[in-house]
Every structure is written in C-alpha cells, then in structure tokens.
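Whatever order the structure lists ligands and atoms in, that order sets their numbers, starting from 1.
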Amino acid sequence: MAPTNNKNSIQRDITAWFAKAKRELPWRETRDPYAILVSEFMLQQTQVATVIPYFERWLARFPDFATLAAAGEQEVLSLWQGLGYYSRARNLHRAAQSVVALHGGSLPAEAAAIRALPGVGRYTAGAVASFAFDLPEPLVDANVARVLSRLLDLREPIDSTRGQAALWSEATRLVPKKSPGLFNGALMELGAILCVPRSPRCGECPVRAHCRGHAAGTAANLPAKKPRQKRAELVEHCGWITGKGRILLEIQTGARWNGMWKLPQLAATPKGIPIFSSEYPFTHHRVSLHVHKAPAPVKLAAQQAWHLLDSLDALPMTAPHRRAIIEIRRAQSS
Ligand code: SF4
C-alpha cells in the first residue's frame, strides 16, 4: 500500500481545522500525564459524554498516581462503577502502583516505559506520550483507523495483521516532529466529527483533496473488517435470596469481573418461572440471565455475604446484576 501524498499539507490542513473545530474536553486542558492516562483508560470502549463526569470525580478523589496506588480495590471499582469493563479500573490501579514503585510516582517521558504499564497497549502509549510529553509517537484507535483507511483507500480488513501494519505505518509516517500531540488529537477528532462511520462528511473535510477513498467513491464502505464471529449463547440462573432488609450476593473471582458483586449462582436449573430475565453481551457470548426466588443456604459459601438492600450503591457490582436488583425491587414495590 503506497502512503498518501502531501504529508505536509495533510498535517497542516488537519491541525488548522482542529484549531477551529475541536470540542473542549477536560483532558485537553491539561498536560498532566496522570490525568491523560486516566482519560485514556476511561475512553477505551466508552463515549466521551459518559466519561466526563467520571473523569472529574476520579481526579477529585485520586488526584495523582500516589493517591490511586494507595487506595483499596473496592473503592477503585466503586468509583469506576457504571463505566463497565472493570479490568480497565484494575489495570489503572496496578499501573499507578507500578509508577510509584518503579518511577517514584512520576511517569517518565518515554514511550517504552509507558507501554510497559499494565493495561497500556500501543495506542494508549502513543496517546500519553504525544499528548502529555509531545513525543512524536503514532497512534491508531478506531477513529484514526477509519480516517487512515479512507485516506489510503485501504481494502485490507483493519482487524487483520496486514491491515494493522498498513495503518500503523501510515500513522508513523504522518506524525510530525513538531506538535505531534496536536496532530494526533486532530486526526482522532476528524474521525469523531467528520470522518464518521457510514456517512462521512467529506464536503466539510480539510483533507478531502488527499483522500483516495473519497476520490474512488469507497469511503462510506471503509474500513473493511473481517466477518464477525457469531456470539455463543450462555444461560445464567441466579438466586433472589433476601430477608430482614438484606440480600445475599457473591463476589466474583474470574478475570473480567474480579472483585465485583453479583447475585449468587444457583447450582441446579430451577423448575419455576424466573421473577426476572434479561440478556447482556459478555466478550463473545450473549448471556441470558434468569433470577429465581430461592431459600437462604444453610451455610454461606466463602465468596458469599449478606448486604443491606438499601446500601448497595457504593458496592462494586456488575451492571446486569445491579439492573436486575433495581428492576425486581421496583416490581415488588409497585
Ligand atoms: S474526505 Fe471524507 S472519507 Fe476522506 S478523510 Fe475526509 S471525511 Fe474521511
């Protein structure tokens, strides 16, 4: 795949457009590497508007690496609650502990050291290195992948090895030595505002003249992706076990929801009709959750504990199970 022409003009035109069109976002007002790292963790898989209040609350409670490193996991998970994908919170917590242990509480201005932190991949390392330290490091996230695949008229699936290589090679070639953070931010913003999925707003685009996808009429169909895997179906039967204003919950020990509370799993499939059912996605699965009234066990399992029904807000809990509890209580009180 040949690189795009007119690198200088692409750099200049995108950053000039960004100066006029960019959204004001709290993490754009700072060069604090800690705050930028927090924003990047939160923005993985979550929309900007959702992240803003979480970001502000997080920085008020954990203003730096040292404060976060010293916090307990339950408090960290509780403050993350509602953002989902809790492994990000756990990794951020561990990253803060690494920064304190290895770097005295300050992130070094070095892409390799940033990349070595838990939960930091190539994209996040590039974002923090360029936004916080103005290092000429490339980045490719979903927005940038879309923009570059269209600029290049890249027909390779962007989730293939060859497609990824083409995107990173172009991102590396385009990132300027002068103000790389500004350029990377501009490229991401172009993908978020104009070069959007399905209907790119090419008429307003500052790099339209250099865009091969626009010229070829293929832009709306790019980026190409590999065919989707069908989601496997899973069924989960849980117990609604309450009494004296309390509910029985169990803490998870699996990889994704480690440290989060949920309704207790029932050992056998109950015969009766569930009092609540819902569906939710989980990695490559589609889970059907069914909640049944059940008696209290004679002896609690090690991971089980009673919690006051009216004090669950601060408890880190998986979103589908929290929703189930809210819905069941609402139905019971109506
Ligand atoms: S011209 Fe259209 S497809 Fe090309 S980068 Fe601009 S918005 Fe995207």
Side-chain angles (χ1 to χ4, degrees), residues 1-25 27-28 39-40 43-49 51 121-124 126-127 129-131 134 136-228:
M1 169 67 52
T4 48
N5 298 323
N6 300 308
K7 172 171 128 174
N8 295 343
S9 157
I10 289 177
Q11 290 166 346
R12 190 192 55 232
D13 295 346
I14 286 188
T15 45
W17 166 82
F18 187 52
K20 285 184 276 172
K22 74 173 175 186
R23 295 164 294 172
E24 284 185 10
L25 301 171
W27 43 90
R28 286 192 177 146
S39 73
E40 289 300 333
L43 287 163
Q44 292 163 16
Q45 327 266 358
T46 308
Q47 301 208 329
V48 165
V51 165
R122 195 172 177 186
Y123 160 76
T124 305
S130 61
F131 296 154
D134 240 348
E137 293 290 332
L139 55 74
V140 178
D141 71 343
N143 284 332
V144 173
R146 189 166 54 252
V147 173
L148 295 182
S149 73
R150 289 168 171 173
L151 280 174
L152 291 166
D153 194 19
L154 178 69
R155 309 291 172 93
E156 288 288 343
I158 58 161
D159 45 358
S160 68
T161 309
R162 283 162 64 114
Q164 279 291 303
L167 294 175
W168 279 97
S169 153
E170 183 67 356
T172 305
R173 202 185 64 83
L174 285 178
V175 68
K177 293 221 164 18
K178 189 162 174 269
S179 305
L182 189 68
F183 173 77
N184 281 342
L187 205 53
M188 291 169 70
E189 194 76 335
L190 186 73
I193 296 183
L194 294 184
C195 197
V196 292
R198 291 180 290 281
S199 310
R201 292 158 60 185
C202 303
E204 302 161 59
C205 180
V207 289
R208 186 174 67 243
H210 311 296
C211 182
R212 294 189 193 139
H214 174 63
T218 54
N221 298 323
L222 294 172
K225 289 195 182 155
K226 290 200 277 196
R228 275 214 177 163

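- Distances from atom 8 (Fe) of ligand 1 show that C195 has an N/O/S atom below 2.8 Å.
- Atom 4 (Fe) of ligand 1 has as its closest protein heavy atom C211 SG, 2.3 Å.
- Among the atoms of H214, none of the N, O or S atoms falls under 2.8 Å from atom 6 (Fe) of ligand 1.
- Shown in contact with R208 at under 4.0 Å from a heavy atom are these atoms of ligand 1, numbered in order with element: 1 (S).
- Close approach of ligand 1 to R150 is summarised as follows: ligand atoms under 4.0 Å from at least one heavy atom of the residue are 3 (S).
- The shortest contact between atom 6 (Fe) of ligand 1 and any protein heavy atom is with C205 SG, 2.3 Å.
- Proximity of C202 to ligand 1, defined as any heavy-atom pair under 4.0 Å, is shared by backbone and side chain alike.
- Between the side chains of S179 and Q11, no donor N or O sits under 3.5 Å from an acceptor N or O.
- Near A219, with a cut-off below 4.0 Å to any heavy atom, the atoms of ligand 1 are 3 (S).
- Put simply, OH on Y123 and CG on L139 are 5.5 Å apart, with the number rounded to the nearest 0.5 Å.
- E189 contributes a side-chain N or O that, together with a main-chain N or O of R23, makes up a donor-acceptor pair within less than 3.5 Å.
- Side-chain contact check for D141 versus M188: some heavy-atom pair is nearer than 4.5 Å.
- When side chains are defined from C-beta on, R122 counts as touching W168, because their heavy atoms get closer than 4.5 Å.
- Residues F131 and L182 are not in side-chain contact: their nearest non-hydrogen atoms beyond the backbone lie 4.5 Å or more apart.
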